[in-house]
Every structure is written in structure tokens, then in C-alpha cells.
Amino acid sequence: MHVPDGFINAPVSVATGAVAAAAVAVSLRGARRELAGTAQGSGTGAERTAPLAGLVAAFIFAVQMLNFPVAAGTSGHLLGGALAAILVGPYTGVLCVSVVLLMQGVLFADGGLTALGVNITDMALVTTVVAYALFRGLVKVLPRRRRSITVASFVAALVSVPAAAVAFTAIYALGGTADVPIGKVFAAMVGVHVLIGIGEAAITALTVGAVIAVRPDLVYGARGLTAPLELRTSPLTAPDGEPATVPAATAAATVPADEPAAASPAVPAAAVSAAAAPRRSVRRVWLAGLAAALVCAGGLSYYASASPDGLEKVAHDQGIDAQAKDHATKDSPLADYSVKDITDPRLAGGLAGIIGVGATLAAGTGVFVVLRRRRSTGEAAAPAAERPTAEQV
């Protein structure tokens with residue numbers, strides 16, 4: 001659904017650019033809280049979010065190269081807003097998809113540069129907001145189990161894609177450069193993107209389910225399913241005659257909230273430091289995610305559908321593509337996801353994909369590490385009098 005230059009007129013392109021800039025600015029502030037673990041009132045897993053957020057951006061870039069057929073002569077690809085929001089948080093998710101769109105536009109001539117605001121508004125903002133709002137609503141009404149996270153992920157991703165199609169139609173109604181009936185554009189866009197949404201939902205649910213199966217503490221959307229660290233009173237008596245207390249759990253992230261707790265009385269350990277819980281390395285998950293991204297971009301992308309995606313197909317059928325303009329970076333060495341001057345298409349495409357994964361990973365990780373450090377530095381610089389003490393927490 002990458003909108004090229006020329007589809008949307010200048011005034012509306014500028015307006016959507018302002019919306020996109022505002023969304024990114026707000027997301028930068030919100031991502032600091034998510035990366036610090038304060039957005040949901042718990043720091044569990046927060047220290048792991050920054051390095052994983054860059055990986056999520058790289059993974060979305062890689063999977064977007066895998067166009068899958070959805071109808072005769074039409075293909076679709078992952079948008080990624082739902083996946084990013086559920087894995088690393090909605091604000092961080094907006095930034096993940098925005099980084100992907102920037103890399104695609106600058107390096108690969110995919111998505112117009114003058115239409116960058118349109119693409120960020122449509123593919124990063126709309127998909128993330130719609131998906132995460134629906135996801136949180138479903139999680140509240142579904143049983144508090146890991147399977148519910150996967151089900152909610154599927155539904156949220158499915159709805160987010162036609163929502164983006166509706167948003168594009170609205171933008172085109174305001175600033176489309178071709179004189180075409182908006183009703184036809186709406187019907188065609190929503191119809192084909194419902195089918196694409198099924199593919200998006202399957203990819204999102206499989207990815208979220210895979211991460212939850214091995215490390216549920218790394219899934220932002222599943223943090224509410226973990227039980228808080230508690231102190232339980234022991235039936236044993238301390239030397240001074242008072243009941244002894246022992247930790248009831250060592251790591252909140254490993255205790256599903258839907259499992260029955262022991263019958264012994266419990267005392268919330270709000271004042272207990274989160275450092276008391278053992279910290280598990282994310283290296284294996286990070287390496288596995290990177291390997292998957294490289295395989296998708298460097299190998300599987302060669303077998304992706306060559307049919308035009310949903311927007312390209314609708315634009316061709318409705319005569320919208322007649323207004324398309326040449327991309328400003330059409331002569332890029334990586335244009336069209338192929339390394340220039342390499343004659344073997346499999347090698348050219350695979351190498352371009354690997355370069356794209358590396359560039360997106362570097363850019364995304366850099367942004368999120370800086371945000372995380374700025375948050376940590378700001379907290380460290382705060383006057384001691386302004387910081388809550390253990391008794392105040």
C-alpha cells in the first residue's frame with residue numbers, strides 16, 4: 001500500500017506530512033515511557049524493549065518483501081502496525097513502521113518521498129492505533145490466557161488493514177489527482193484489503209504466538225497477564241515470634257495471571273526492587289529474530305508474488321496510476337529491491353534485502369537506544385527530593 005508520488009496533490013500531501021510529523025513527535029515521547037516500562041505501570045521486561053524494537057522494525061521490513069497472492073493478479077504484503085504495537089507498544093510501534101517506510105522510500109524507491117506523510121499516516125499511524133485499540137479491548141473481555149493474546153492479535157491485525165484502506169480512500173477523496181468515482185475506489189480498496197488483512201492476521205498471530213511461547217515477558221501486549229511479585233506469610237514462626245515472610249515468586253514475567261495462586265495469605269511487594277527478579281538474556285530471541293529476517297529478505301523474497309499489490313491493482317484498474325510520477329531516488333543502487341549491476345536476479349534481490357535489513361536494524365536500534373538512554377538520563381538527573389521513596393511507592 002505504498003503510495004507513490006503524484007497520487008495525492010500538494011496541499012493534502014503537506015497536511016498529511018504535518019499529521020505524520022505530529023504523530024512521530026507524540027510517539028517519541030510515548031516511546032520513552034514504553035522503553036522505560038512506565039506506560040503500563042510495570043517495568044517488567046522494559047529494559048529489553050529497546051534492542052528488540054530495532055529488531056521488530058528490521059523484521060517488518062523483511063516480511064514486507066514477501067508479497068503473497070490474494071486474488072487473480074493481485075498480491076498483498078504485511079503492513080506491520082499491529083505486529084509492532086503488540087510486540088513493543090503502540091508508540092514504539094508507530095516509530096518502527098515509520099523507520100521502515102523511511103528506509104524503503106530513501107534506499108529502495110518504494111513509496112514516494114512527497115507521499116511519505118501519507119504513507120506514515122496511513123500505514124504507521126492508522127494501523128497501529130486501530131489495531132492496538134481493538135487488541136486492548138479484546139484482551140479485557142477474553143480469558144486471561146496466552147492464547148487470548150494470539151486470538152486478539154489475529155483480529156486486530158485483520159481489521160487494521162481494511163482500516164488503512166478506508167483511510168487512504170478518505171485521503172484520496174480530499175486530494176486525489178485523478179478524476180475517478182470515490183465510491184468505486186472505496187469498494188475496490190476495502191474489498192481487496194480485507195483479503196490482504198487475512199494474510200496480515202496470520203503473520204501477526206504466528207509471530208506473536210511464537211514469541212509468547214518462548215518468552216512471554218518480551219511481548220508488550222502480554223504484560224498485563226503476568227502476576228505481580230508478592231510476599232507470602234509462612235506458617236513458620238521467626239525467632240522473635242512474628243510470622244516469617246518468604247518470596248512467593250521470583251519473576252513476575254514467568255507467572256501467568258490466570259493460574260490459581262496458593263491459598264496462603266499474600267502481601268503485595270510493591271516496595272521490592274524489580275532487580276530482585278532474575279533477568280534472562282534476550283540474545284537467543286534477538287539472534288533468532290535476526291536470522292528469520294535475513295532468511296525472509298535474503299532468500300524467501302525471491303519467491304514472493306510478482307503480481308501488483310492491492311493499491312497498485314486498484315490504481316491501475318481505476319486509472320489512478322496515470323498520475324504517478326517518477327520516484328526521486330529511482331536511480332538508487334538499490335531501487336526496486338535489487339542491487340544495480342548484478343545480473344543474477346536472485347543474488348541481486350537477496351543482497352538488497354540483506355542490506356535493507358541491516359540498514360533498518362541499525363537505524364531503528366539507534367533511535368530506540370537513544371530514547372531509552374534519554375529517559376534513563378532524565379530520571380538520574382531528577383532531584384532526589386522529586387523521586388518517590390520506597391515508602392511512597
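Not measured: the values here are computed from a predicted model. Residue numbers start at 1 and run along the sequence shown.
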Quiz item: Are Leu294 and Leu347 connected, step by step, through hydrophobic side chains (Ile, Leu, Val, Met, Phe, Trp, Tyr) whose heavy atoms are closer than 4.5 Å?
Solution: yes
Practice problem: Give the other cluster members for Leu206, using side-chain heavy-atom distances under 4.5 Å between Ile, Leu, Val, Met, Phe, Trp and Tyr residues; answer none if it is isolated. | Solution: none
Quiz prompt | Atom pair OG1/CD1 of Thr128 and Ile120 - distance to nearest 0.5 Å | solution = 11.5 Å
Quiz prompt | Arg215 with Asp217: basic N within carboxylate O range, under 4.0 Å | solution = yes
Quiz prompt | All pairs passing side-chain hydrogen bond (donor to acceptor under 3.5 Å, both in side chains) where residues 53-70 contributes a residue, at least two apart | solution = Gln64-Gln104, Asn67-Ser75
Quiz item: Where is the tightest heavy-atom contact between Val99 and Ala363, given as atom of each residue plus distance?
Solution: CG1-CB, 4.1 Å
Quiz item: So how far is it from Met65 CE to Ile60 CD1, rounded to the nearest 0.5 Å?
Solution: 15.0 Å
Practice problem: State yes or no: do Leu52 and Val63 share one hydrophobic cluster built from I, L, V, M, F, W and Y residues joined by side-chain heavy-atom distances below 4.5 Å, directly or via other members? | Solution: yes
Quiz item: Looking only at atom types and distance, does a side-chain atom of Arg147 sit under 3.5 Å from a main-chain N or O of Gly209, one as donor and one as acceptor?
Solution: no
Quiz item: Asp326: what forms a side chain to side chain donor-acceptor pair (under 3.5 Å) with it, not counting sequence neighbours?
Solution: Lys330
Quiz prompt | Pairing residues for His327 by the ring-ring contact (aromatic ring centres under 6.0 Å, His included) criterion, not counting sequence neighbours | solution = none
Quiz item: Atom CD of Gln323 and atom CD1 of Ile8: how far apart are they, to the nearest 0.5 Å?
Solution: 11.0 Å
Self-check item: Pairs satisfying side-chain hydrogen bond (donor to acceptor under 3.5 Å, both in side chains), at least one member in residues 108-119, at least two apart
Solution: Asp5-Thr114, Asp110-Tyr337
Quiz item: When rounded to the nearest 0.5 angstrom, what is the spacing between OG1 in Thr127 and OH in Tyr132?
Solution: 14.5 Å
Quiz prompt | Criterion side-chain contact (heavy atoms from CB on, under 4.5 Å) on Glu312 and His2, from CA distance to verdict | solution = CA-CA 9 Å; Glu312 291 173 336; His2 295 74; over 6 Å; no
Exercise. For Leu334 and Ile355, work out which heavy atoms get closest and say how close.
Key: CD1-CG2, 3.8 Å
Exercise. Write down the atom of Ala53, the atom of Cys96, and the distance for their closest heavy-atom approach.
Key: O-SG, 3.4 Å
Quiz item: Closest approach of Phe59 and Ala293, non-hydrogen atoms and distance?
Solution: CA-CB, 4.1 Å
Quiz prompt | side chain to side chain donor-acceptor pair (under 3.5 Å) partners of Thr169, counting only residues at least two apart | solution = none
Quiz prompt | Qualifying residues under ring-ring contact (aromatic ring centres under 6.0 Å, His included), relative to Phe61, sequence neighbours excluded | solution = Phe108
Quiz item: So, does Thr74 use its side chain to make a donor-acceptor pair with the main chain of Val70 at under 3.5 Å?
Solution: no
Quiz item: Taking a hydrophobic cluster as the set of Ile, Leu, Val, Met, Phe, Trp and Tyr residues connected by side-chain heavy atoms closer than 4.5 Å, whether directly or through intermediates, do Leu102 and Val94 fall within one such cluster?
Solution: no
Quiz item: Any donor and acceptor pair, going by atom type alone, linking the side chain of Asp321 with main-chain N or O of Ala324 inside 3.5 Å?
Solution: no
Quiz item: Can you name the ring-ring contact (aromatic ring centres under 6.0 Å, His included) partners of Tyr172, sequence neighbours left out?
Solution: Phe168
Practice problem: Apply the test side-chain contact (heavy atoms from CB on, under 4.5 Å) to residues Leu125 and Val19: give CA-CA distance (whole Å), side-chain angles for both, the deciding distance (0.1 Å), then the verdict. | Solution: CA-CA 9 Å; Leu125 180 60; Val19 171; 4.1 Å; yes
Quiz item: What pairs with Asp317 under side chain to side chain donor-acceptor pair (under 3.5 Å), at least two apart in sequence or on another chain?
Solution: none
Pair up each side-chain donor or acceptor in residues 178-205 with any protein partner under 3.5 Å, not counting sequence neighbours, and list the distances.
unit_1: His193; atom_1: ND1; unit_2: Met189; atom_2: O; d: 2.8
unit_1: Glu200; atom_1: OE1; unit_2: Leu79; atom_2: N; d: 2.6
unit_1: Glu200; atom_1: OE2; unit_2: Leu79; atom_2: N; d: 3.4
unit_1: Glu200; atom_1: OE2; unit_2: Gly80; atom_2: N; d: 2.9
unit_1: Thr204; atom_1: OG1; unit_2: Glu200; atom_2: O; d: 2.8

Practice problem: Determine, using the 4.5 Å side-chain heavy-atom cutoff (strictly less than), whether Val56 and Met123 are members of one ILVMFWY cluster. | Solution: yes
Quiz item: Which pair of non-hydrogen atoms, one from Ile342 and one from Leu351, has the smallest distance, and what is that distance?
Solution: CD1-CD2, 3.8 Å
Self-check item: Leu371/Leu95 under side-chain contact (heavy atoms from CB on, under 4.5 Å): CA gap, chis, key distance, verdict
Solution: CA-CA 11 Å; Leu371 285 176; Leu95 297 180; 3.9 Å; yes
Quiz item: Taking Ser148 for the side chain and Pro143 for the main chain, is one N or O donor matched with an acceptor at less than 3.5 Å?
Solution: yes
Quiz item: Which is it for Val208 and Leu87 under the side-chain contact (heavy atoms from CB on, under 4.5 Å) test, yes or no, and what are the steps along the way?
Solution: CA-CA 7 Å; Val208 172; Leu87 288 180; 4.2 Å; yes
Exercise. With rounding to the nearest 0.5 Å, note down the distance linking CD in Gln318 to NZ in Lys313.
Key: 10.5 Å
Quiz prompt | Within residues 283-324 or reaching into it, pairs that qualify as ring-ring contact (aromatic ring centres under 6.0 Å, His included) - sequence neighbours excluded | solution = none
Quiz item: Would a hydrophobic clustering, with Ile, Leu, Val, Met, Phe, Trp and Tyr connected at side-chain separations under 4.5 Å, put Leu290 with Val285?
Solution: yes
Exercise. Measure the CZ-OG distance between Arg346 and Ser338 for me, rounded to the nearest 0.5 Å.
Key: 13.5 Å
Quiz item: If every non-hydrogen atom of Leu113 is compared with every non-hydrogen atom of Ala328, which pair is closest and at what distance?
Solution: CD1-CB, 3.8 Å
Quiz item: Under 3.5 Å, is there a donor-acceptor pair between the side chain of Thr121 and the main chain of Thr16?
Solution: yes
Practice problem: Give the other cluster members for Leu300, using side-chain heavy-atom distances under 4.5 Å between Ile, Leu, Val, Met, Phe, Trp and Tyr residues; answer none if it is isolated. | Solution: Leu66, Val295
